[in-house]
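A short write-up of the structure that comes next.
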Amino acid sequence: MAYEGILLGMGNPLLDISAVVDEDFLKKYGIKLNDAILAEDKHLPMYEEMTKKYEVEYIAGGATQNSIRVAQWMLQIPGATSYMGCIGKDKFGEEMKKNSKLAGVNVHYYEDGTAPTGTCAVCVVGGERSLVANLSAANCYKSEHLKKPENWALVEKAKYFYVAGFFLTVSPESIQLVAEHAAAKNNVFMMNLSAPFICEFFRDVQEKALPYMDYVFSNETEARTFSKVHGWETDNVEEIALKISQWPKASGTHKRITVITQGADPVVVAEDGKVKKFPVILLPKEKLVDTNGAGDAFVGGFLSQLVQEKPIEECVRAGCYAANVIIQRSGCTYPEKPSFN
C-alpha cells in the first residue's frame, strides 16, 4: 500500500509556550483548570509574563498539528502525513517549519505577512493543563491557499483527513471543501469536538460539517457540552457517543464511529448502535509530567493504525500508548522511536 501523503491534517499551527505556573497565575487571568479557550484582551499580557516569571519551553503545537506529528512518529514512514495551516513570517514561524520538517511531516503553510505566528499559553498546575490560544496568523488561513494546485494535490493524494474542531473558528469553508471531496471519493473524513466553546458558540458550522464526519473524537467534557447544547438531557457518555454516531450522514459509504476519551477512565467507542469500552494504560501519579497534548496524541496514535486499516481495537490501543508516552513528557513531545508493537 502506498503510504505517501495518505493522511492530511488542517488546523491552527501554534507555538506552545509551556510552563508550570501556580494557582494565583490562573486566578489572575481568570483561567479554569483543564479548559481550552481563545485569548481575549485581558489574556494578552500573560504570554510575556510567563516568559519572565517561569521557565518556559517552546514546542510546535496546535491540536491538529500535534495529532499529525504523533501519527507520523508512530508510522515511521517519511512523508506519510501532510499538514496545512497559517503561520506568520517571523522567527516563531521559522521555528515551526524547522520543527515540522524534523518530525517528517510534509507541511504546506500559508505564510501571512500581517500577523505574528499564533501562540498558545500552556499553563500546567499539578500535571493538569489549561490552554489559552492567541491565534494571530493561524486565524488568517484562507481557502484560496487550499485551492492552489500544489496544495489541492495533497487533498487528492490523501485517503484520510483529520481536522480539529478549533479550525471551525478560522476556515469553515476549507473544512467543507475537504469534507465534500472526501465524501465524493469515499475517503475518510474525521473531526474532533475539541473544546466546549466550539460546541457552544460555533454550533452552526459544526453541525454543517457533522454529516461528513466518519469519525468523531471528543473527551467527556466536550461530549457533555455537545449533549447539553443539543438538548439531549443526558450526561451519560455512552449514550452521547451513540447519539453522535447516529447523527445523519451525507455520504453513505462509511458508518460513523464516535470515540470519546475520559482521562484515566475507559475509552468509549460507539458504532453500529453498540458501545464498547477500552481500558487506558494507567500511570502512577508521580510519573505524570503534564497532560498537554494527551488527547491530540491519542488521536495521532489512533490514526497511525487506522491508515493501515487495522481493527478499531488496535487503533484505540495505539492511541492509549501514544497518550501514555506524551503525558510522561513536557508538552506534545516524544522519544526518537516508538516502542509500540
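Only a predicted model underlies this, so the values are computations on that prediction, with no experimental measurement involved.
The nearest pair of heavy atoms linking Asn187 to Ala158 is ND2-O, 3.4 Å. Across all non-hydrogen atoms, the minimal contact from Ala121 to Met46 is CB-CE, 3.7 Å. Heavy atoms only, all atoms of each residue included: Tyr110 and Cys140 are closest at CE2-O, 3.2 Å. For the pair Ala137 and Cys86, the tightest heavy-atom approach, listed with the atom from each and the gap, is O-SG, 3.1 Å. When every heavy atom of Val289 is checked against every heavy atom of Val124, the shortest pair comes out as O-CG1, 4.3 Å. The heavy-atom pair separating Lys274 from Leu242 by the smallest distance is N-CD2, 3.7 Å.
With a 4.5 Å cut-off on side-chain heavy atoms, Ile87 and Lys97 count as touching. Looking at Asp35 and Thr221, their side chains never come closer than 4.5 Å, going by heavy atoms from C-beta outward.
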> Hey, mind stepping through His254 and Lys249 against side chain to side chain contact (heavy atoms under 4.5 Å, CB included) and telling me if it holds?
Replying inline: CA-CA 9 Å; His254 305 288; Lys249 285 209 73 209; 4.1 Å; yes
> Between Leu306 and Met190, is a side chain to side chain contact (heavy atoms under 4.5 Å, CB included) present by the stated rule, with each step listed?
Replying inline: CA-CA 11 Å; Leu306 187 68; Met190 303 168 276; 3.6 Å; yes
> Step by step, would you call Met213 with Trp247 a side chain to side chain contact (heavy atoms under 4.5 Å, CB included)?
Replying inline: CA-CA 10 Å; Met213 298 180 204; Trp247 193 284; over 6 Å; no
>> Determine whether Phe302 and Ile312 satisfy the following criterion, side chain to side chain contact (heavy atoms under 4.5 Å, CB included), listing intermediate values before the conclusion.
In response: CA-CA 8 Å; Phe302 188 101; Ile312 200 109; 3.8 Å; yes
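A distance below 6.0 Å separates the ring centres of Phe92 and Tyr58.
Interatomic distance, Gln65 CD to Thr81 OG1, rounded to the nearest 0.5 Å: 10.0 Å. Cys199 SG to Gln206 CD: the interatomic distance, rounded to the nearest 0.5 Å, is 4.5 Å.
Side chain to side chain, Tyr141 and Asn12 fail the donor-acceptor criterion of an N or O pair below 3.5 Å. Between the side chains of His145 and Asn151, at least one donor N or O sits under 3.5 Å from an acceptor N or O. Between the side chains of Ser339 and Tyr321, at least one donor N or O sits under 3.5 Å from an acceptor N or O.
Within 6.0 Å of CD on Glu336 lie no more than 12 heavy atoms contributed by other residues, nucleotides or ligands.
Note on Arg317 versus Glu314: salt bridge recorded, some NZ/NE/NH1/NH2 to OD/OE distance being below 4.0 Å. In summary, Arg203 and Glu207 engage in a salt bridge, as defined by a charged side-chain N under 4.0 Å from a carboxylate O. Using a 4.0 Å cut-off between charged side-chain N and carboxylate O, Glu94 and Lys91 make no salt bridge.
Considering only residues two or more places apart in sequence or on other chains, Asp22 meets the side-chain hydrogen bond (donor to acceptor under 3.5 Å, both in side chains) condition with Tyr54.
Of the candidates Val70, Asn66, Asp296, Ile326 forms a side-chain contact (heavy atoms from CB on, under 4.5 Å) with just one, namely Val70.
Side chain of Asn192 to main chain of Gly165: no donor-acceptor pair is present (N/O by atom type, distance under 3.5 Å, no hydrogens or angles).
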